[in-house]
Chemist: 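Supplied in structure tokens, the structure appears directly below.
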Amino acid sequence: MDKKEIFKQFIESNEVLVVDKNSGSRNRLLKIVSDLGAKRHMIHTASGLVEAEAIIKEKKISLVLSDYFVAGGSGFDLFKMMREKEPNRKLIQILVTANISQTAVAKAAEEDVDSFIIKPYTLQSIQENLISTVVAKVQPSQYMVKIDEGKKAMAEMNLDMAMELFQEATKLHAKPALALFYMGQVEYMRKYLDEAKGNYQNGLAFNSIHFKCLIGLFELFMKEKQYNEAYGVVKKIAKYFPANPDRLSQIIRLAVQTENYSDMQFYYEVFTTLEERTPILVNYIGAGMFVSGKFCLKNNDVEGALRYFDNIAVSCAEYTKFVRAMITALIQHDKGKEAEKYLSRFPPSAKDEEDYKVSDFLVTAKVIPDKSHVVKKGLDLYNQKIRDLECMKALINAMVAAGYKEEKVSKYRNELTTLWPEEMTA
């Protein structure tokens, strides 16, 4: 049977899914696939992940064409979701890319992406691509046959046989990064971590952004608690591959852990491109920017700190703990005027909550010359049973400046040292 006949039989008998958030692009792909022989009632379209998920619950999709970026995530997220739902199903996944960098990423995502279509495309270019991709799936190369045999042996825990098969596969391809990844996986399962690392790195020598080799190396470094090395790998993943909330949260946490604060602005820019921003991710990005801002203040880089804090004010202000924290940090570094502008970032509904009251008092204590007014406001806060270290300090300092006698002040001074004994040695 020739290639065109193989393709004809496949396209006429299988369900197809087209995913693109642009309706015009979506309909154009639908028409092309229909013109190539797919039955209209077997072609399904979606704008993004949510719609696609609903379709794949109802239909047995065998071919999916997805744009690089779709509503709610990326084509990579869609492909991963589909593989996880039906791990044993032979699925053809084709990514539609718009530029050279996206194409390079698609090439580096072996097994995660079967092929890619470059915009602008024509009926002929898609036909040629689909025929070669379908045939490669139906009649895989000897290289892919060996890898599939090795994966089966690995699943059966026949690790020696799996290693032999993967080693044979390396002789069947000019750039056998995928075979080297699986050799690394076998060594990882054997707990030969140095050998696993060597295989991943050898794979990356053939393709410096090979997705599976990068992930394998990252997980190995994390297992060995080599966090700086792990961060170097995951930073490359973040640079080249589309982010999702879970992975970006992990990267931000590791960036803070390894004190790579200068990278946080890049992660914030990635964060702003995501259509889905989970509460966990918002908390991570807020914490990451706050820690980075504090680092800038410590190093007298007020402009850098304010850049991070402005990001918090735009994207994380609903979590008032972040606004309170950055106002507190600015007050601690004697930046009262800078702190004052962030008071307006509190939602109106938060004006009766502790975070706002503490922040408002700290700003008042710093910028209002009338210390008797500061004392009055501080005592009101104290009588509401709100206890905050910086507020207690500001109240005591204001009482001293306003001429209160020590026996009056000592009550608050004693409570401060009881609540925060470390301040006695600070």
Chemist: Whether the side chain of Thr103 engages the backbone of Asn99 through a donor-acceptor N/O pair (distance < 3.5 Å, no angle test) should be reported.
Modeler: yes
Chemist: What closest approach, in Å, do Ile147 and Ala179 show between heavy atoms, and which atom pair accounts for it?
Modeler: CD1-N, 3.9 Å
Chemist: I need the single residue from Val18, Ile117, Val64 that forms a side-chain contact (heavy atoms from CB on, under 4.5 Å) with Ile94. Which is it?
Modeler: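 The option that passes is Ile117.
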Chemist: Can Lys59 and Glu15 be counted as an ion pair, charged N to O under 4.0 angstrom?
Modeler: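 No, Lys59 and Glu15 are not salt-bridged.
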Chemist: Nearest 0.5 Å please: distance from the OH atom of Tyr284 over to the CG atom of Asp246.
Modeler: 10.5 Å
Chemist: Does the pair Lys60 and Glu86 meet the rule for a salt bridge (Lys or Arg N to Asp or Glu O under 4.0 Å), with working shown?
Modeler: CA-CA 10 Å; Lys60 293 291 185 183; Glu86 294 192 81; 3.3 Å; yes
Chemist: How about NZ on Lys107, more than 12 heavy atoms from neighbouring residues, nucleotides or ligands closer than 6.0 Å, or not?
Modeler: no
Chemist: Might you work through the side-chain contact (heavy atoms from CB on, under 4.5 Å) test for Leu248 and Ile285, ending with a clear yes or no?
Modeler: CA-CA 9 Å; Leu248 188 56; Ile285 197 70; 5.6 Å; no
Chemist: Is a side-chain N or O of Arg277 found less than 3.5 angstrom from the main chain of Thr272, in a donor-acceptor match?
Modeler: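 Here the side-chain-to-backbone pair exists.
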Chemist: Does atom CD of Gln384 have more than 12 heavy-atom neighbours, drawn from other residues, nucleotides or ligands, at distances under 6.0 Å?
Modeler: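 Atom CD in Gln384 is crowded, with more than 12 foreign heavy atoms closer than 6.0 Å.
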Chemist: Closest approach of Leu159 and Val186, non-hydrogen atoms and distance?
Modeler: O-CG1, 3.8 Å
Chemist: Given 3.5 Å as the limit, does a donor-acceptor pair link the side chain of Arg28 with the main chain of Lys31, or not?
Modeler: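 Answer holds: no.
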Chemist: So which heavy atom on Asp20 is nearest to which on Ser25, and how close?
Modeler: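 That would be OD2-CB, 3.4 Å.
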Chemist: Is any NZ, NE, NH1 or NH2 atom of the basic residue among Glu53 and Lys85 found under 4.0 Å from an Asp or Glu carboxylate oxygen of the other?
Modeler: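 Salt bridge flag = yes for Lys85 with Glu53.
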Chemist: Describe, in one word, how the ring planes of His173 and Tyr143 are oriented to each other, choosing from parallel (under 30°), tilted (30 to 60°) and perpendicular (over 60°).
Modeler: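 It falls in the tilted class, 30° to 60°.
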Chemist: Sort out for me which residue in Phe290, Phe295, Tyr268 forms a ring pair (Phe, Tyr, Trp, His ring centres under 6.0 Å) with Tyr261.
Modeler: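 When Phe290, Phe295, Tyr268 are each tested with Tyr261, the ring pair (Phe, Tyr, Trp, His ring centres under 6.0 Å) holds only for Phe295.
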Chemist: Mark yes when over 12 heavy atoms from residues, nucleotides or ligands other than Lys152 sit less than 6.0 Å from its NZ; otherwise mark no.
Modeler: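 Incorrect, the count does not exceed 12.
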Chemist: What's the verdict on salt bridge (Lys or Arg N to Asp or Glu O under 4.0 Å) for Arg190 and Glu187, showing C-alpha distance, side-chain angles and the deciding distance?
Modeler: CA-CA 5 Å; Arg190 288 169 164 170; Glu187 300 290 29; 3.3 Å; yes
Chemist: Are the side chains of Cys316 and Met289 in touch, meaning some heavy atoms are under 4.5 Å apart?
Modeler: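 Of all side-chain heavy-atom pairs linking Met289 with Cys316, at least one is under 4.5 Å.
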Chemist: Nearest 0.5 Å please: distance from the NZ atom of Lys8 over to the OG atom of Ser13.
Modeler: 10.0 Å
Chemist: Check whether more than 12 heavy atoms from other residues, nucleotides or ligands sit under 6.0 Å from atom OH of Tyr192, and answer yes or no.
Modeler: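 At most 12 heavy atoms, drawn from other residues, nucleotides or ligands, come within 6.0 Å of this atom.
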Chemist: Are there more than 12 heavy atoms of other residues, nucleotides or ligands under 6.0 Å from atom NZ of Lys351?
Modeler: yes
Chemist: Measure across Ala230 and Met222 and return the closest heavy-atom pair with its distance rounded to 0.1 Å.
Modeler: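 Of all heavy-atom pairs spanning Ala230 and Met222, the closest is CB-SD, 3.6 Å.
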Chemist: Does one side chain, of Ser359 or Asp355, offer a donor that lies under 3.5 Å from an acceptor on the other?
Modeler: no
Chemist: Say whether, by atom type as modelled, one donor and one acceptor occur between the side chain of Lys146 and the main chain of Leu165 under 3.5 angstrom.
Modeler: no
Chemist: Please check if the number of heavy atoms outside Gln226 that lie under 6.0 Å from its CD is greater than 12.
Modeler: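 Enclosed.
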Chemist: Sort and list the pairs that fulfil salt bridge (Lys or Arg N to Asp or Glu O under 4.0 Å) and have at least one residue in residues 200-224, not counting sequence neighbours.
Modeler: Glu111-Lys212, Asp112-Lys212, Lys197-Glu224
Chemist: Kindly determine whether Asn283 and Lys321 satisfy side-chain contact (heavy atoms from CB on, under 4.5 Å), including the steps that lead there.
Modeler: CA-CA 10 Å; Asn283 270 282; Lys321 62 184 180 182; 2.7 Å; yes
Chemist: Treating Asp360 as the side-chain partner and Tyr356 as the backbone partner, does any N or O pair qualify as donor plus acceptor under 3.5 Å?
Modeler: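 Such a contact is absent between Asp360 side chain and Tyr356 backbone.
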Chemist: Measuring from Tyr188:OH to Phe181:CZ, what's the distance to the nearest 0.5 Å?
Modeler: 11.0 Å
Chemist: Taking atom types as modelled, find out whether Ser74 and Asp77 have a side-chain donor-acceptor pair closer than 3.5 angstrom.
Modeler: yes
Chemist: Would you call the rings of Phe211 and Phe241 parallel, tilted or perpendicular if under 30° counts as parallel and over 60° as perpendicular?
Modeler: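 Answer is tilted, since the angle falls between 30° and 60°.
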Chemist: So do Ile386 and Phe361 actually touch side chain to side chain, heavy atoms under 4.5 Å?
Modeler: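 Counting from C-beta outward, Phe361 and Ile386 never come under 4.5 Å.
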Chemist: Does atom NZ (Lys294) have a neighbourhood of more than 12 heavy atoms from anything else shown, all under 6.0 Å?
Modeler: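 12 or below, so no.
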Chemist: Are Asp263 and Tyr231 linked by a side-chain donor-acceptor pair shorter than 3.5 Å?
Modeler: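 Asp263 vs Tyr231: donor-acceptor pair found between side chains.
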Chemist: Could you check whether any side-chain N or O of Ser34 sits under 3.5 Å from a backbone N or O of Leu30, counting only pairs where one atom can act as donor and the other as acceptor?
Modeler: no
Chemist: Begin with the C-alpha distance, continue with both residues' side-chain angles, and end with the deciding distance and a verdict on side chain to side chain donor-acceptor pair (under 3.5 Å) for Gln265 and Asn311.
Modeler: CA-CA 9 Å; Gln265 186 63 29; Asn311 292 341; 2.9 Å; yes
Chemist: Apply the side-chain contact (heavy atoms from CB on, under 4.5 Å) test between Asp388 and each candidate in Arg324, Lys393, Glu354, Lys357; give the one that qualifies.
Modeler: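 Among Arg324, Lys393, Glu354, Lys357, the one that satisfies the side-chain contact (heavy atoms from CB on, under 4.5 Å) with Asp388 is Arg324.
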Chemist: Could you tell me which non-hydrogen atom of Met163 sits nearest to which non-hydrogen atom of Met183, and how far apart they are?
Modeler: CE-O, 3.5 Å
Chemist: Just by distance, do the side chain of Arg387 and the backbone of Tyr382 share a donor-acceptor pair under 3.5 Å?
Modeler: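 Present.
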Chemist: When you measure from the side chain of Asn244 to the backbone of Arg247, do you find a donor-acceptor pair of N or O atoms at a distance under 3.5 Å?
Modeler: yes
Chemist: Apply side-chain contact (heavy atoms from CB on, under 4.5 Å) to the pair Lys39 and Val16, showing each step before the final yes or no.
Modeler: CA-CA 9 Å; Lys39 293 181 172 61; Val16 180; over 6 Å; no
Chemist: Around Leu123, counting heavy atoms of other residues, nucleotides and ligands shown, do more than 12 lie under 6.0 Å from its CG?
Modeler: yes
Chemist: Any sub-3.5 Å donor-acceptor pair from Asn199's side-chain atoms to Leu180's backbone N or O?
Modeler: no
Chemist: Would you say Asp310 and Val314 make side-chain contact, with heavy atoms under 4.5 Å?
Modeler: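 Not touching, per the 4.5 Å side-chain cut-off.
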Chemist: Might you point out which heavy atoms bring Cys391 and Leu381 nearest each other, and give the distance in Å?
Modeler: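 The pair with the smallest heavy-atom distance is SG-CD2, 3.8 Å.
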Chemist: Ignoring hydrogens and geometry, is there a side-chain-to-backbone donor-acceptor pair from Ser132 to Asn129 under 3.5 Å?
Modeler: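 Side chain of Ser132 to backbone of Asn129, a donor-acceptor pair under 3.5 Å: yes, one is there.
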